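Written out below as structure tokens is the structure these notes cover.
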Amino acid sequence: MKVRRPVASALAVAGYIVMIVPIMFVVATAFTGGETLRFPPEGVSLRWFEAALSYEPFIGALVSSLQLAVLATVLALLVGVPVTLAIYRGRIPGKGLVEGLFLSPLIVPELVVGLALYQQLMIGLKLDNFETLLIGHTVLMLPYAVRVTGASLALADPALEEAARGLGASPLRTFFTITLPLLRPGIFSAGLLSFVTSFNNVPLSLLLQSRDFRTLPVTMLDYVQQSYDPMVAAMATLILAATIVIAVIAERTVGFAKIFGGINR
Amino acid sequence: MKSRTAALLLLPGLVLLVAGFLVPSFVMLFSPPGIAPAEIFVRFGEMLTDPYDLRIIGRTVGIALIVTAICISLGFPIAYLLARSTSRWSGVLLALAIFPLLLSNVVRTFGWLVVLGSNGAIGQALVGLGIVDKAPQLLYTELAIVLGLTQLFLPLAIISCYSAVAQVDPGLDDAARGLGATRTRTFWTVVIPLSLPGIVVAATLVFAGSVTAYTTPYLLGGSGQRMLSTQLFSYSSVTIDWASASATALIMTILVFLVSGLSSLVARRGATS
């Protein structure tokens with residue numbers, strides 16, 4: 001890129017510095033041999049990775065977070081994809097209103113939803129915290145399922161489905177041999193977004209934690225509050241590495257920009 | 001598809017949405033257990049006059065506005081350069097801008113502790129260079145929150161602006177230049193107005209995100225720089241003051257609805273003019 005626009009280029013460089021540099025510092029301090037979060041790091045060692053991977057609260061929370069994210073994603077897709085089909089292919093009254101309703105969890109602040117579920121479901125209905133978390137995360141992922149798979153369904157030609165029906169295929173067969181394959185990229189994007197969002201979620205999970213079931217981000221936040229050592233940097237670096245793997249898979253399969261394009265529309 | 005089939009497909013989602021989101025949120029905002037609805041509105045009114053609460057509301061709105069302004073002024077140039085560039089690096093740079101959206105807020109925000117902390121990079125560099133004797137207090141300030149939120153929401157601003165700029169035909173730039181407009185004038189009279197809807201979406205997302213974000217003000221603002229989100233958590237889990245928690249939640253929700261309503265109004269205005 002030739003620098004012909006000095007002001008725009010300077011602003012762009014500043015933007016990238018703010019986005020990327022703090023993350024590089026996390027990685028750099030994770031490899032420190034010293035006792036504290038200090039920069040420059042003192043020596044190079046893997047001791048904090050070892051510490052993070054043998055710290056039971058982190059590992060327990062990691063397993064909990066993975067369980068929750070996978071279940072919430074599967075549930076959101078199982079419930080959300082039929083909703084998408086009804087909105088985009090069915091004749092229902094107030095289509096716009098129904099779609100708006102399913103997108104509404106994106107607008108209400110998550111912390112507010114978290115408090116609501118804590119009060120009404122955990123205290124009021126006495127659900128346990130895992131059940132409440134699962135309901136909360138699934139509701140929060142529904143907009144992705146509806147919007148992102150909706151975007152790929154809107155692009156698919158309904159004539160293909162009509163042709164299948166015209167040739168005598170049952171509605172179920174049409175769905176599995178025509179509609180579902182057309183939807184696959186959308187479902188994959190929605191699933192990936194849901195998984196990542198659920199796995200990283202803090203505001204919704206914050207009030208719904210319990211001694212037995214806590215998610216990883218919330219556990220890490222608590223840890224930072226108590227002690228200021230590089231173990232969290234090591235854990236953060238491991239999450240970063242896993243996220244890069246997910247990003248590469250996303251780029252290879254559907255394309256990065258496309259996945260995020262879906263919710264933005 | 002028959003309407004009965006459509007209704008059946010819709011049903012599980014509707015049940016989940018109503019029972020797991022709409023009803024709980026509504027009840028919590030207006031009548032949490034053990035509390036008369038009037039109490040919330042009394043507390044709501046108090047918050048709008050009490051200096052302590054007003055400072056938190058003011059800080060939240062102020063920080064959100066500043067972050068929005070910064071994200072647009074950094075994000076739009078990035079989006080513009082990426083959309084107009086023909087370099088093969090632009091794909092990498094776009095991926096680098098979107099990638100943080102996949103990354104945990106905890107990881108992203110944690111980096112600022114390493115950069116801004118008293119033993120952090122900036123403090124140590126200033127001391128090392130002999131500029132100051134003692135590392136300045138950068139953490140737990142409003143500046144730290146602004147930096148953290150900017151890092152968090154810049155990617156969102158970039159993709160919203162990017163999809164808007166990408167839709168503006170580069171031929172229009174050339175036409176304006178051909179008619180004698182300078183580069184700067186072309187940018188302000190052609191590119192900016194045509195991508196305004198994307199800018200409005202970006203601003204709305206960043207503002208709403210900044211008002212409701214929890215991790216960043218918690219880690220970088222501490223208890224000294226409370227925002228509505230950290231205050232809401234403290235009301236609902238430390239002091240267990242549900243009237244105040246609901247009133248705070250109501251203020252947060254109203255702020256978010258206000259700005260998204262306003263932005264869709266602006267967008268509609270822009271579309272018709």
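What you see below is based on every heavy atom in this structure, not just the backbone, and it leaves out hydrogens, waters and symmetry mates. Each chain gets a letter, A, B and so on, in the order its sequence line appears, and its residues count up from 1. Since the structure is predicted, the reported quantities are computational estimates derived from the model, not experimental observations.
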Quiz item: Would Asn201(A) and Glu110(A) count as a side chain to side chain contact (heavy atoms under 4.5 Å, CB included) if you check the C-alpha gap in whole Å, the side-chain angles of each, and the deciding distance to 0.1 Å?
Solution: CA-CA 9 Å; Asn201(A) 183 282; Glu110(A) 278 179 44; 2.5 Å; yes
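The candidate from Thr109(B), Leu96(B), Leu147(B) with the greatest count of non-hydrogen atom pairs under 4.5 Å with chain A is Leu96(B). When the candidates Val232(A), Thr29(A), Ile135(A) are compared by the number of heavy-atom contacts under 4.5 Å with chain B, Val232(A) comes out ahead. Comparing Asn119(B), Thr253(B), Leu250(B) by how many heavy-atom pairs each has under 4.5 Å with chain A, the most go to Asn119(B). Your options are Pro24(B), Gly20(B), Gly222(B), and the one with the most heavy-atom pairs under 4.5 Å with chain A is Pro24(B). Of the residues considered (Phe76(B), Trp242(B), Phe257(B)), Trp242(B) shows the highest number of contacts with chain A, using heavy-atom pairs under 4.5 Å. Each of Ala14(A), Gly124(A), Gly80(A), Ala233(A) has some count of heavy-atom pairs under 4.5 Å with chain B, and the biggest count is that of Ala233(A). Interface remark: of the candidates Leu101(A), Leu121(A), Val81(A), Leu101(A) forms the most heavy-atom pairs closer than 4.5 Å to chain B. Ranked by non-hydrogen atom pairs under 4.5 Å with chain B, the options Ile244(A), Ile246(A), Leu125(A), Val146(A) are led by Ile244(A).
Counting only N and O atoms by type, the side chains of Thr149(A) and Thr84(A) include a donor and acceptor under 3.5 Å apart. Checking Tyr214(B) against Asn105(B) by side-chain atom types alone, no donor-acceptor pair falls below 3.5 Å. Looking only at atom types and distance, the side chain of His137(A) has a donor-acceptor partner in the side chain of Ser205(A) under 3.5 Å away.
Leu29(B) touches chain A through its side chain: at least one heavy atom from C-beta onward sits under 4.5 Å away, while N, CA, C and O do not. Neither the backbone nor the side chain of Thr197(A) comes within contact range of chain B; no heavy atoms are under 4.5 Å apart. Contacts of Leu102(B) with chain A are made by both backbone and side-chain atoms, with heavy-atom separations under 4.5 Å. At a 4.5 Å heavy-atom cutoff, the contact between Val27(B) and chain A is made by backbone and side-chain atoms alike. With a 4.5 angstrom heavy-atom cutoff, Leu103(B) touches chain A via backbone and side-chain atoms both. Contact of Ile92(A) with chain B is made through the side chain alone, with heavy-atom distances under 4.5 Å. In this structure, chain A has no heavy atom under 4.5 Å from any part of Leu255(B). Of the two parts of Tyr118(A), only the side chain, counted from C-beta on, holds a non-hydrogen atom closer than 4.5 Å to a non-hydrogen atom of chain B. Interface remark: Pro171(A) contributes no atoms to any contact with chain B (heavy atom separation under 4.5 Å). With a 4.5 Å cut-off on non-hydrogen atoms, Tyr218(B) touches chain A through its side chain but not through its backbone. Using a 4.5 Å cut-off between heavy atoms, Leu142(A) contacts chain B through its side chain alone, with no backbone atom that close.
Within residues 15-25 of chain A, the residues having any heavy atom closer than 4.5 Å to a heavy atom of chain B are Gly15(A), Tyr16(A), Val18(A), Met19(A), Ile20(A), Pro22(A), Ile23(A), Phe25(A), listed by residue number.
Counting non-hydrogen atoms of neighbouring residues, nucleotides and ligands closer than 6.0 angstrom, the CZ atom of Phe26(B) reaches no more than 12 such neighbours.
Partners of Ser246(B) under the side chain to side chain donor-acceptor pair (under 3.5 Å) rule, at least two apart in sequence or in another chain, do not exist in this structure.
When all heavy atoms of Ile240(B) and Ser236(B) are compared, the closest pair comes out as CD1-O, 4.0 Å.
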